[in-house]
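Below: one structure, written as structure tokens.
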Amino acid sequence: MAKNLVIVESPAKAKTIEKILGKDFEVKSSFGHIRDLEKDDMGIDIQNNFKPKYIIPDDKEKVVKELKKLVKDSDEVWLATDEDREGEAISWHLCEVLGLDPASTKRIVFHEITKPAIEKAVRTPRLLDMNLVNAQQARRILDRIVGFELSPVLWRKMSMRNSLSAGRVQSVAVRLIVEREREINQFETVSSFKVEAWFLAKDIQGRTIAFKADGPSRFKTAEDAEKFLSQCVGAAYTVKDVTVKPGKKSPAAPFTTSTLQQEASRKLGYSVSKTMLLAQKLYESGQITYMRTDSVNLSDTAMEDISKAIHKNWGERYYQSRKYKNKNENAQEAHEAIRPTYMENASVDDSDLKRLYELIWKRTIASQMSDAELEKTIAKIDISTNHEELTASGEVLKFDGFLKVYMESRDDEDAEEDDQEGVLPPLAVKQALEMKEMKATERFTRPAPRYTEASLVKKLEELGIGRPSTYAPTITTIQKRGYVEKRDKEGVKRDFRILWLKNDQISKVTDQENTGAEKAKLFPTDLGMLVTDFLKQYFDRVMDYGFTARIEEEFDEIAGGKKKWNNMLQDFYAPFHHNVEETLEKAERVKGERLLGEDPASGKPVTARMGRFGPMVQIGKVEDEEKPRFAKLKQTQSIETITFDEAMDLFRLPRNLGLFEGTEVSVNIGRFGPYAQHDKKFYSLKKEMDPYTVELEEVAPLIVEKRQAKDERTIKVFEKEKIQVLRGPYGPYLKVGLRNYKLPKEKHETAADITVEEAKAIIEELKANPPKKKAPPRKKKAD
DNA sequence: CAGTGAGCGAGCTTCCGCTTGACTT
């Protein structure tokens, strides 16, 4: 029996620490929080100074039971949860549940899981910090109040209202995406002409090479650009001035959760949830440090390891010790940065994990390497026929430094349009240059790009909204609620003009480029836009981008003992709750209706709006004597941007294709895509079939094929009892109405010989003793 | 599985932040 019980949050961490502390210590994990607010009635007694009602969730009963037993058998308990607000609260809940005295139970903390750090922690225990615990309770209660008072407002006020939600984090995340979309929709593209000239000069080896120089400034119109080119006809070009400047590039800090998610997205194309899943595996197998962190700090032992690896692989010249500081003010830094546990392992076996691991390894190594040294050359070139000048710039890498290993990628948001600068040939002042050709190319301004999952995480982190453990789940939530969709967008072709000056002749051509194509970007849905507008209108305080940052300051004051947590909540709650009540009473139900025009055939109004089942267009009004016609919007369309013509096009469905076997065949687009309907049965259209143009001859074979497939699936049918014996992917089963019953193994071979009595017996048996089903609860059908 | 398109109001949904687990109709 161990004398000492140490409780941490993660089981993988427990294992490592147990090894370090030796046999006098037993280390167990709480698996995160062990208590939470009760869900019924908010779990808060608001009248009673916001007294929280905590319960132990079902999935934590087992852990708690085990910990209780272990506490009884131990002489001393050490609470070693993370050193932040949440960690402190977990320790407090452990005290409450395990019957430990907060005034005497030993509380220890460490930021890194190394022998010296943990031994030092054990030598210097402290007691629970109730101020920090209270700051966490205030955070928890405020989030519950916001989420559980705001969500029901949406259920009442949105015309589409199945399981809608709002919260301090998710609603602001959606707002970012909605506002970016509107910015893009309202963006007015301006074109201008960019001048580039190619010159010839001899390089060091005496070979003639071409290099590029940029024109003075951009020209607003083709006429201005042409005027400039014509001024250059017959001109002589001479080097006016050459400057050489040294420059340097420094490596990026080691990974935090958010920077890891960003780089894995840019470099490997991983979604944030995929990155976290793989990182979790690496962590559990002991290959990397903890993956949910906001710290850029490296432990001393890690720094030594990294130094050794750099010296061994590249030598002293490439080593530079660096301490990184967190730019983020509200970082809680309970852990280290994400780094490999053993720097001597440069790679791992598994192919999927390998790419992420190597990314982490390289980033960690590079963070302690020397700067890259550059030499930047800028040459100004005189034009004899006018007062303008051209600028050629080149960059030479003098020393690669950290670039030997790793270079951080950029988002397209920060990317400059200019292509990479190459090497310039040696140029002397007053040197005459031969101009090969000059061109003025029409370029267009671009709106800010839509968010990717990773760039949204970056933005949220900048705003101090959300935590490393919630970035991935938040992104999943806003998609699951139907506020946001991740998808690709096809680009559109666009003409652009080029003016050439070559051999003193000016020529004009028009070329074409693809613009606006995007991959795996976040688009707001109509629902997301309407919910955002609604919340902004009635709850601007919570929707403000600075709201979280401001209440974080108050939580800090509570943590510092300068403010009482119930007072802080009271100050927030009074106006907030008043607002909720007032909104419930006064706000109109949101429909998002927009008038598009008038139907030429009937003279009735054509409108787009949100219906019970999503965005739609309609001809006529519900109050009219004749029922209005309805059509669903396509996935890529939105109430805000759909045009009259696009709306009218939607009414071409359902289309009647004619008779097949004496019954009508029609096509339409449903919840699961385009389908054909015949004799009350449904048939999905093949991908290449366009419901707007498909013909009966193409659809008829689908009907025949599906019937055949069904025949093959059917083993036997008892018509009178309405029991079907079918062949499924997991073997034969019985089907009665919507319910399925698996046949016992010994009947699999002889399913065709089964009798009605046997089938009934099996069903009765399975009804009496249903097999354990742990599958996630299925969503209830509407209606 | 898919067709609908209000709202009488049955009965339900919902937050953020810690952590990992276990399942095939």
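Only a predicted model underlies this, so the values are computations on that prediction, with no experimental measurement involved. By convention in this document, chain letters (A, B, ...) are assigned in the order of the sequence lines, proteins followed by strands, and residues within each chain are numbered from 1.
- Contact check, A:Lys681 against B:dA2: no side-chain N or O comes under 4.0 Å of OP1 or OP2.
- Distances were taken from every side-chain heavy atom of A:Arg609 (C-beta onward) to each of B:dC18, B:dA6, B:dC16; the shortest belongs to B:dA6.
- Contact annotation: side chain of A:Arg467 to base of B:dC16, donor-acceptor pair absent below 3.5 Å.
- The aromatic rings of A:Tyr683 and A:His678 are tilted relative to each other, their planes meeting at an angle between 30° and 60°.
- Between the CE atom of A:Met42 and the C1' atom of B:dC15 there is a distance of 10 Å, given to the nearest Å.
- Within the nucleic acid shown, A:Tyr683 has no heavy atom closer than 4.0 Å to any nucleic acid atom.
- Residue A:Val169 is classed as a sugar-phosphate contact, given heavy-atom separations below 4.0 Å to backbone atoms only.
- Toward the 5′ end of DNA chain B lies the nearest nucleotide of A:Asn668, the other residue of the pair A:Asn668 and A:Gly466 mapping further downstream.
- Ion pairing between a basic and an acidic side chain is recognised when a charged N comes within 4.0 Å of a carboxylate O; A:Asp143 and A:Arg168 show such pairing.
- Between A:Glu284 atom CD and B:dT20 atom C1' there is a gap of 7 Å when expressed in whole angstrom units.
- Contact annotation for A:Pro654: no contact, since no heavy-atom pair falls under 4.0 Å across all strands.
- The side chain of A:Arg139 places no N or O atom within less than 4.0 Å of a non-bridging phosphate oxygen (OP1 or OP2) of B:dC15.
- When the nucleotides B:dC16, B:dT19, B:dC15 are ranked by their closest atom to the side chain of A:Thr470, B:dC16 comes out on top.
- With both ends at atom C1', the span from B:dG7 to B:dG11 equals 15 Å, rounded to whole Å.
- Phosphate contact (OP1/OP2 of B:dT20, side-chain N/O of A:Gln280, threshold under 4.0 Å): present.
- Residue A:Arg292 has a polar side-chain atom (N or O) positioned under 4.0 Å from OP1 or OP2 of B:dT19.
- Rounding to whole angstrom units, OH of residue A:Tyr290 and C1' of B:dT19 are separated by 6 Å.
- Residue A:Ser165 has a polar side-chain atom (N or O) positioned under 4.0 Å from OP1 or OP2 of B:dC15.
- The interatomic distance linking A:Lys157 (NZ) with B:dG7 (C1') rounds to 13 Å, in whole Å.
- On the P atoms, B:dG17 is 23 Å away from B:dG21, given to the nearest whole Å.
- Using bins of under 30°, 30° to 60° and over 60° for the plane-to-plane angle, the ring pair A:His577/A:Tyr573 lands in the parallel bin.
- Within the 4.0 Å cut-off from OP1 or OP2 of B:dT14, at least one side-chain nitrogen or oxygen of A:Arg481 is found.
- Checking A:Asp82, A:Asp294, A:Thr293 one by one against A:Gln332, the side-chain contact (heavy atoms from CB on, under 4.5 Å) holds for a single residue, A:Asp294.
- Close to B:dC16, at under 4.0 Å from its OP1 or OP2, lies a side-chain N or O of A:Gln170.
- Distances shorter than 4.0 Å separate none of the side-chain N or O atoms of A:Ser10 from OP1 or OP2 on B:dT19.
- Picking from B:dC16, B:dC18, B:dT20 the nucleotide with the shortest atom distance to the side chain of A:Met291 gives B:dT20.
- Within 4.0 Å of A:Ala89, counting heavy atoms only, lies no atom of the nucleic acid at all.
- Nucleotide B:dA2 holds its P atom 20 Å from the CZ atom of A:Phe630, rounded to whole Å.
- Under 3.5 Å, the side chains of A:Tyr545 and A:Glu462 contain no donor-acceptor pair of N or O atoms.
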For this session: Please test A:Ile754 against A:Ile715 for side chain to side chain contact (heavy atoms under 4.5 Å, CB included), starting from the C-alpha separation and ending with a verdict.
Result: CA-CA 10 Å; A:Ile754 202 163; A:Ile715 301 170; over 6 Å; no
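- Among the protein residues, A:Arg168 comes within range of the sugar-phosphate backbone only, with heavy atoms under 4.0 Å from sugar or phosphate atoms but none that close to a base.
- Comparing B:dG9 with B:dT13, their C1' atoms sit 15 Å apart, to the nearest whole Å.
- The side chain of A:Asp84 approaches B:dC18 more closely than any other nucleotide in the set B:dC15, B:dT14, B:dC18.
- Counting non-hydrogen atoms under 4.0 angstrom, A:Asp59 reaches nothing in the nucleic acid.
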Exercise. Taking it one step at a time, do A:Arg481 and A:Ser165 satisfy side-chain hydrogen bond (donor to acceptor under 3.5 Å, both in side chains)?
Worked result: CA-CA 7 Å; A:Arg481 297 269 174 272; A:Ser165 67; 2.7 Å; yes
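- Evaluation of A:Phe148 against the base of B:dC15 yields no stacking contact (centre distance < 5.5 Å, interplanar angle < 30° required).
- In this entry the distance linking CD of A:Glu66 with P of B:dG21 reads 13 Å, nearest Å.
- Scanning atom types as modelled, one donor and one acceptor separated by under 3.5 angstrom connect the side chain of A:Arg612 and the base of B:dG7.
- Between A:Glu88 atom CD and B:dG17 atom P there is a gap of 18 Å when expressed in whole angstrom units.
- Heavy atoms of A:Ser30 sit nowhere under 4.0 angstrom from any nucleic acid atom.
- Salt bridge present: A:Asp41 and A:Lys53 bring a charged side-chain N and a carboxylate O closer than 4.0 Å.
- Ranked by how close their nearest DNA chain B nucleotide is to the 5' end, A:Leu685 and A:Leu37 are led by A:Leu685.
- Counting only heavy atoms from C-beta on, A:Trp155 has its side chain closest to B:dT14 among B:dC18, B:dT14, B:dC15.
- Nucleic acid contact for A:Gly32: base, since at least one base atom lies under 4.0 Å from a heavy atom of the residue.
- The CD-C1' distance, from A:Glu61 to B:dG21, rounds to 16 Å in whole Å.
- Minimum atom distance to the side chain of A:Lys60 is reached by B:dC18, of the listed B:dC16, B:dT13, B:dC18.
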